[in-house]
Visitor: 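One structure follows; several queries about it will come next.
Both backbone and side-chain heavy atoms feed into the values below; hydrogens, waters and symmetry mates do not. Numbering of residues begins at 1 and proceeds along the displayed sequence. Just so it is clear, the model here is predicted, and its values are computed rather than measured.
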Amino acid sequence: MPELIWTVPADIDGKLVRQAAMGGMGLSYGLFKRAKFHGLIELDGQTVRADEKVHAGQRLRIVIPEKENTLPEKISLPLKVAYEDEHLLMVDKPAPLPSASSPRKEQPTLENAVFVYLGCPGDFVYRPVNRLDKGTSGLMMVAKTAYGQHLMQKLLHTDFFIREYLAVTEGTLPETEGVIDLPIAKVEGATVKRTVSPEGKVARTHFRVLEESRGRSIIRLRLETGRTHQIRVHLSASGCPICGDFLYGTELAQLQGRFALHSTLCRFRHPVSGQWVERESPLPEELLALVK
C-alpha cells in the first residue's frame with residue numbers, strides 16, 4: 001500500500017486534517033475517504049480523525065489501501081522503460097499493442113507487460129495516465145499509485161505535461177507550420193470513429209513539417225486538446241492521412257497492423273518533486289523507411 005508522508009508547513013497551521021490532506025497534499029476526496037475508512041491517517045505517529053487540527057512541523061502520514069480488483073494474466077512481453085520512480089512509470093510502447101485489456105478481445109496488452117514488470121503484485125491496479133491507440137508506438141505514462149495517477153491527470157493538457165508526436169503522412173500540409181483548429185465529433189452509429197463536425201468539441205493540434213520525400217511527409221505534432229483520434233482525424237481532414245491508418249486513410253501491408261504515428265517526446269513537471277523530467281523516443285526504423 002502506498003504511503004505518503006508530509007511535514008505540515010506554516011501556512012497550513014491550524015487547518016483540519018482533511019484540509020491539509022486534500023489542499024496541501026493534493027489528495028482527491030475519494031483517496032482521502034478510503035484512507036480514513038481504514039483508519040490509516042496518522043499525525044506524529046498517532047491515528048487521528050479527519051476533523052482534528054494540524055500544526056506546523058507535525059508529520060502527517062497517510063496510507064492509501066488499493067481497491068480489490070481482478071489481476072491481469074501473467075504475460076511476459078518486452079518492456080522498454082524510459083523513466084521510473086516510486087509514483088510513475090514511463091514506457092516506450094511498441095505497436096501494434098493495445099494499451100489496456102478489453103473484455104471484447106483476448107490478446108496481450110501493455111497492461112499485462114506492466115503487471116509482470118512490477119513483479120505481479122497481488123494489489124496491482126493498472127493506472128494509465130494517458131493512452132495510445134493500438135497502432136501507435138512511443139512514450140506513454142502509467143502511474144504506479146492512485147495518488148500519482150490523480151496528480152498526473154490534473155496536468156493533462158496543460159503546459160506541465162507536454163507530449164509531442166511524429167507522423168509520416170501521405171502528401172503534405174499546405175503550410176509548413178501552424179495549428180489545425182477543427183472540432184471533432186463521434187461518427188453517428190460508429191463505435192470509435194470520429195469526424196470533423198461543427199457540432200463537435202473544440203480540438204487543436206500544433207504541427208510542423210520536418211521533411212517531404214517520395215510524396216510523403218514527416219510531421220511533428222503537439223496536442224493542445226485531447227480528443228479521441230485527434231491527430232489521425234485532423235491530418236486526414238487536412239488532406240494528408242497518416243500512412244497505414246486503416247480507419248482514416250489506407251492500410252499498408254508493410255506496417256504489419258500498425259500505422260505511422262509515434263509518441264516521440266514526453267516532458268512533465270513531476271507532481272511530487274516539482275522537478276522537470278523529459279524523455280524522447282526516435283521514430284522507429286519501419287516508419288522512417290516510408291520516406292527514405
Side-chain angles (χ1 to χ4, degrees), residues 1-9 11-12 15-52 54 57-72 79 81-91 99-100 110-111 113-115 117-131 139-163 226 266-279:
M1 293 187 291
E3 110 178 334
L4 309 172
I5 299 175
W6 190 60
T7 301
V8 178
D11 60 344
I12 303 293
K15 298 287 187 180
L16 302 180
V17 167
R18 70 166 65 90
Q19 295 171 321
M22 291 187 283
M25 298 178 75
L27 276 182
S28 68
Y29 173 75
L31 294 179
F32 177 74
K33 184 178 179 181
R34 199 186 310 166
K36 182 181 72 170
F37 177 80
H38 287 87
L40 296 175
I41 303 172
E42 295 180 357
L43 194 61
D44 287 342
Q46 300 297 317
T47 302
V48 292
R49 300 189 308 273
D51 58 357
E52 293 190 31
V54 301
Q58 288 188 301
R59 184 173 175 268
L60 183 60
R61 176 177 178 268
I62 299 178
V63 177
I64 304 171
E66 300 287 6
K67 290 182 177 179
E68 293 185 5
N69 68 305
T70 302
L71 297 176
L79 188 65
V81 176
Y83 172 83
E84 182 178 8
D85 62 30
E86 61 181 313
H87 299 286
L88 303 171
L89 180 69
M90 188 194 300
V91 301
S99 293
L110 183 63
E111 180 176 352
V114 170
F115 176 56
Y117 174 79
L118 294 177
C120 305
D123 58 353
F124 175 80
V125 177
Y126 185 56
R127 296 188 174 89
V129 175
N130 64 300
R131 296 175 187 250
L139 299 174
M140 177 179 148
M141 185 77 74
V142 177
K144 295 166 73 174
T145 66
Y147 182 58
Q149 183 184 39
H150 168 68
L151 294 181
M152 281 303 301
Q153 288 186 329
K154 290 169 67 175
L155 301 183
L156 280 172
H157 314 304
T158 72
D159 291 338
F160 299 110
F161 188 17
I162 298 168
R163 288 161 292 145
C266 182
R267 182 172 185 265
F268 67 99
R269 190 177 73 177
H270 199 289
V272 177
S273 70
Q275 300 295 312
W276 282 94
V277 178
E278 181 174 317
R279 295 292 184 272

Visitor: With side chains defined as the heavy atoms from C-beta onward, is the minimum distance between L60 and I5 less than 4.5 Å?
Guide: no
Visitor: With heavy-atom distances below 4.5 Å as the criterion, would you say the side chains of P128 and M141 are in contact?
Guide: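 Heavy-atom side-chain distance check fails, nothing below 4.5 Å.
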Visitor: Going by the rule side chain to side chain contact (heavy atoms under 4.5 Å, CB included), which residues pair with A143 if we only count those two or more places apart in sequence or in a different chain?
Guide: L88, R127, V129, Q149
Visitor: Measure across A100 and R131 and return the closest heavy-atom pair with its distance rounded to 0.1 Å.
Guide: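 Closest approach of A100 to R131, heavy atoms only: CB-NH1, 3.0 Å.
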Visitor: Closest approach of L71 and P121, non-hydrogen atoms and distance?
Guide: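 Here L71 and P121 meet closest at CD2-O, 3.7 Å.
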Visitor: Please list, chain by chain and in numerical order, all residues satisfying side chain to side chain contact (heavy atoms under 4.5 Å, CB included) with T7, sequence neighbours excluded.
Guide: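 Counting only residues at least two positions away or on another chain, T7 forms no side chain to side chain contact (heavy atoms under 4.5 Å, CB included).
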Visitor: Would you please name every residue forming a side-chain hydrogen bond (donor to acceptor under 3.5 Å, both in side chains) with D44, sequence neighbours left out?
Guide: Q58
Visitor: If the condition is side chain to side chain contact (heavy atoms under 4.5 Å, CB included), which residues does R279 pass it with, not counting sequence neighbours?
Guide: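 Side chain to side chain contact (heavy atoms under 4.5 Å, CB included) list for R279, sorted by chain: A82, Y83, M90, L139, V277.
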Visitor: Of all residues at least two apart in sequence or in a different chain, which pass the salt bridge (Lys or Arg N to Asp or Glu O under 4.0 Å) check with E278?
Guide: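 Once residues adjacent in sequence are excluded, the partners of E278 under the salt bridge (Lys or Arg N to Asp or Glu O under 4.0 Å) criterion are R267.
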Visitor: Of all residues at least two apart in sequence or in a different chain, which pass the side chain to side chain contact (heavy atoms under 4.5 Å, CB included) check with D11?
Guide: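 With neighbours one apart ignored, the set is P9.
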Visitor: Between OH of Y126 and CZ of F115, what distance do you get to the nearest 0.5 Å?
Guide: 13.5 Å
Visitor: Identify the two heavy atoms, one from F161 and one from L155, that lie closest to each other, and give their separation to 0.1 Å.
Guide: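 Minimum heavy-atom separation between F161 and L155: CB-O, 3.3 Å.
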Visitor: Look up atom OH in Y29 and atom NE2 in H150, then write down how far apart they are to the nearest 0.5 Å.
Guide: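 One gets 14.0 Å once the value is rounded to the nearest 0.5 Å.
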Visitor: Please list, chain by chain and in numerical order, all residues satisfying side-chain hydrogen bond (donor to acceptor under 3.5 Å, both in side chains) with Y117, sequence neighbours excluded.
Guide: E84
Visitor: F32: which residues meet the ring pair (Phe, Tyr, Trp, His ring centres under 6.0 Å) condition with it, sequence neighbours left out?
Guide: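 Once residues adjacent in sequence are excluded, F32 has no partner under the ring pair (Phe, Tyr, Trp, His ring centres under 6.0 Å) criterion.
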Visitor: OG1 of T158 to CZ of R269: how many Å apart, nearest 0.5 Å?
Guide: 8.5 Å
Visitor: Which atoms form the tightest heavy-atom contact between L79 and A113, and what is the distance?
Guide: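 Minimum heavy-atom contact is CD2-O, 4.0 Å.
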Visitor: Mind checking side-chain hydrogen bond (donor to acceptor under 3.5 Å, both in side chains) for H270 and listing every partner two or more places apart, or none if nothing turns up?
Guide: D85
Visitor: Would V54 and L43 count as a side chain to side chain contact (heavy atoms under 4.5 Å, CB included) if you check the C-alpha gap in whole Å, the side-chain angles of each, and the deciding distance to 0.1 Å?
Guide: CA-CA 8 Å; V54 301; L43 194 61; 4.0 Å; yes
Visitor: Can you name the residues that form a side-chain hydrogen bond (donor to acceptor under 3.5 Å, both in side chains) with R49, not counting sequence neighbours?
Guide: D51
Visitor: Would you mind reporting whether R163 and L156 have side-chain heavy atoms less than 4.5 Å apart?
Guide: yes
Visitor: List for me each residue that meets salt bridge (Lys or Arg N to Asp or Glu O under 4.0 Å) alongside R61, sequence neighbours excluded, and say none if there are none.
Guide: E3, E42
Visitor: So L4 and H87, do their side chains get closer than 4.5 Å, heavy atoms only?
Guide: yes
Visitor: I'd like to check the salt bridge (Lys or Arg N to Asp or Glu O under 4.0 Å) partners of D159; sequence neighbours left out, ordered by chain and number.
Guide: none
Visitor: Atom CE of M25 and atom CG of L151: how far apart are they, to the nearest 0.5 Å?
Guide: 10.0 Å
Visitor: CD1/I62 to CG/L27 distance, rounded to the nearest 0.5 angstrom?
Guide: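 It comes to 5.0 Å.
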Visitor: If I compare all heavy atoms of G39 with all of T47, which pair ends up nearest, and what's the gap?
Guide: O-CG2, 3.9 Å
Visitor: Closest heavy-atom contact between S99 and M140?
Guide: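 Heavy atoms of S99 and M140 come nearest at OG-SD, 3.5 Å.
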Visitor: Roughly how far apart are L31 CG and Y147 OH, rounded to 0.5 Å?
Guide: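 One gets 9.5 Å once the value is rounded to the nearest 0.5 Å.
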